[in-house]
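Model, not experiment: these values are computed from the prediction. Position 1 is the first residue of the sequence, and the numbers go up from there.
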Amino acid sequence: MEPHLLDGDNREGEHYERLALDGQELAGITLQECVLEGVSMNDTELRGARFIECAFEDLFAPVLRASRSSWRETFLHSTRWGSAELYDSRFDRVHLDGGKLDYVNLRSSRVTDVLLTGCIIGELDLTGAKATRVALRDCTVGTLTLDGAQLADVDLRTSSFRSINGLDGLRGATVDEYQLQVLAPYLAERMGLRIEG
């Protein structure tokens, strides 16, 4: 019998495997020290949810509705998200390893001590977000949006970006020499420089 989860539930130390939570109302739920393997959360209402010291494996969600959620000391491996609505959320000491994410909306979120490794991301939207000690390693990102973002100790080396919106938001980021060469024409255009010869 599958475990029955309700909005506002507080669960600790549980293991969920091949569980379909599609379309369920789970706003405000708290999962602590839980393991979720092969769980589907398509269009699940997770507004205000809290995930503390959890481990996710193969989390599937073409539409992830988790605004104002909190993720702390949590590991996610081989995640598959379509549109991830994570605005106004908090990520603290989170590791996202592998997976394919089409659109990640982290607008106005606080992202601290977060590591992304080997992810393929269509668009990463950090508009108005505060990101501190964040690293993207060996990731492929289509569009990185940084309008109004505040970055501190954000390491973008070893990752590739097709385009970056909001170049001013790059302040506080570390890039490698190749990335700087890619960015040079955009930076020159912003400064009104003409490059000849």
Side-chain angles (χ1 to χ4, degrees), residues 16 18-23 26 31 35-51 54-147 149 151 154-166 169-170 173 175 179:
Y16 305 100
R18 303 299 168 194
L19 183 63
L21 299 173
D22 303 331
L26 298 178
L31 299 182
V35 176
L36 297 90
E37 296 183 80
V39 173
S40 178
M41 291 183 166
N42 183 36
D43 208 29
T44 305
E45 180 55 76
L46 294 165
R47 183 183 64 256
R50 298 170 67 230
F51 303 103
C54 289
F56 291 86
E57 178 83 25
D58 294 324
L59 175 58
F60 177 73
V63 177
L64 182 70
R65 300 168 57 195
S67 62
R68 300 180 178 86
S69 56
S70 175
W71 308 67
R72 179 159 56 89
E73 296 184 34
T74 289
F75 175 73
L76 300 100
H77 176 67
S78 192
T79 298
R80 290 170 294 159
W81 289 344
S83 174
E85 296 297 332
L86 294 161
Y87 57 87
D88 294 328
S89 294
R90 297 199 63 152
F91 283 74
D92 297 287
R93 298 182 297 280
V94 171
H95 182 187
L96 186 61
D97 178 47
K100 188 175 185 299
L101 321 170
D102 293 337
Y103 173 62
V104 182
N105 179 355
L106 284 168
R107 291 182 169 223
S108 301
S109 293
R110 289 180 177 268
V111 184
T112 307
D113 295 314
V114 170
L115 174 63
L116 287 79
T117 53
C119 296
I120 300 173
I121 305 172
E123 180 176 355
L124 179 57
D125 190 347
L126 291 168
T127 299
K130 292 184 178 180
T132 305
R133 295 183 300 278
V134 175
L136 277 72
R137 295 181 185 162
D138 302 319
C139 294
T140 301
V141 181
T143 301
L144 177 63
T145 300
L146 295 168
D147 296 290
L151 308 185
V154 173
D155 191 347
L156 302 177
R157 294 173 295 177
T158 74
S159 290
S160 63
F161 306 89
R162 189 179 67 245
S163 63
I164 297 179
N165 298 327
L170 272 175
V175 299
Q179 290 170 326

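You'll find the side chain of Leu124 reaches within 4.5 Å of the side chain of Leu136, heavy atoms only. In this structure, Leu36 and Met41 have side chains that are in contact, with non-hydrogen atoms separated by less than 4.5 Å. No side-chain heavy atom of Ser108 sits less than 4.5 Å from a side-chain heavy atom of Tyr87. Here the side chains of Thr143 and Arg162 are in contact, with some heavy-atom distance below 4.5 Å. Looking at Leu116 and Ile121, their side chains come closer than 4.5 Å, going by heavy atoms from C-beta outward. The shortest side-chain heavy-atom distance between Ile164 and Leu146 falls under the 4.5 Å cut-off. Side-chain contact check for Val175 versus Phe161: every heavy-atom pair is 4.5 Å or farther apart. Between Arg47 and Arg65 there is no side-chain heavy-atom pair separated by less than 4.5 Å.
Using a 4.0 Å cut-off between charged side-chain N and carboxylate O, Asp125 and Arg107 make a salt bridge. A salt bridge is absent between Asp58 and Arg80; no separation between the charged side-chain nitrogens and carboxylate oxygens falls under 4.0 Å.
One finds the CD atom of Glu85 at 4.5 Å from the CG atom of Asn105 (value rounded to the nearest 0.5 Å). The CG atom of Leu115 sits 13.5 Å away from the CZ atom of Arg133 when rounded to the nearest 0.5 Å. A distance of 6.5 Å separates OG1 of Thr74 from CZ of Phe56, quoted to the nearest 0.5 Å. The structure places OG1 of Thr132 at 8.5 Å from CZ of Arg110, a figure rounded to the nearest 0.5 Å.
Between Trp71 and Phe91, the angle of the ring planes stays under 30°, which puts this pair in the parallel group of the 30/60° scheme. Between His95 and Phe75, the ring-plane angle classifies as perpendicular under the 30° and 60° cut-offs.
Taking Arg137 as the reference, nothing meets the side chain to side chain donor-acceptor pair (under 3.5 Å) condition, with sequence neighbours excluded.
Between Gly98 and Cys119, the closest heavy-atom pair is O-SG, 3.6 Å. Considering all non-hydrogen atoms of both residues, Val94 and Arg72 come closest at CG2-N, 4.4 Å. Minimum interatomic distance between Gly118 and Cys139 (heavy atoms only, all atoms of both residues): N-SG, 3.8 Å. Of all heavy-atom pairs spanning Tyr16 and Val39, the tightest one is O-CG2, 3.9 Å. Across all their heavy atoms, Asp88 and Ser109 have their closest contact at N-OG, 3.2 Å. For the residue pair Cys54 and Leu31, the shortest heavy atom distance occurs at SG-O, 3.1 Å.
One N or O on the side chain of Asp22 and one on the backbone of Asn42 form a donor-acceptor pair closer than 3.5 Å. Between the Thr158 side chain and the Asp138 main chain, a donor and an acceptor come within less than 3.5 Å of each other. Under a 3.5 Å cut-off, the side chain of Glu57 and the backbone N or O of Val35 do not form any donor-acceptor pair.
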Apply the test side chain to side chain contact (heavy atoms under 4.5 Å, CB included) to residues Leu46 and Leu21: give CA-CA distance (whole Å), side-chain angles for both, the deciding distance (0.1 Å), then the verdict.
CA-CA 11 Å; Leu46 294 165; Leu21 299 173; over 6 Å; no
**Q.** Stepwise side chain to side chain donor-acceptor pair (under 3.5 Å) check, Ser89 with Ser69
**A.** CA-CA 5 Å; Ser89 294; Ser69 56; 3.2 Å; yes
Tell me, with the steps shown, if Leu76 and Trp81 meet side chain to side chain contact (heavy atoms under 4.5 Å, CB included).
CA-CA 12 Å; Leu76 300 100; Trp81 289 344; 4.0 Å; yes
_Quick one, Val114 with Leu96, criterion side chain to side chain contact (heavy atoms under 4.5 Å, CB included). Give me CA distance, side-chain angles, the key distance, then yes/no._
CA-CA 8 Å; Val114 170; Leu96 186 61; 6.0 Å; no
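Around atom CZ of Arg50, no more than 12 heavy atoms belonging to other residues, nucleotides or ligands sit under 6.0 Å away.
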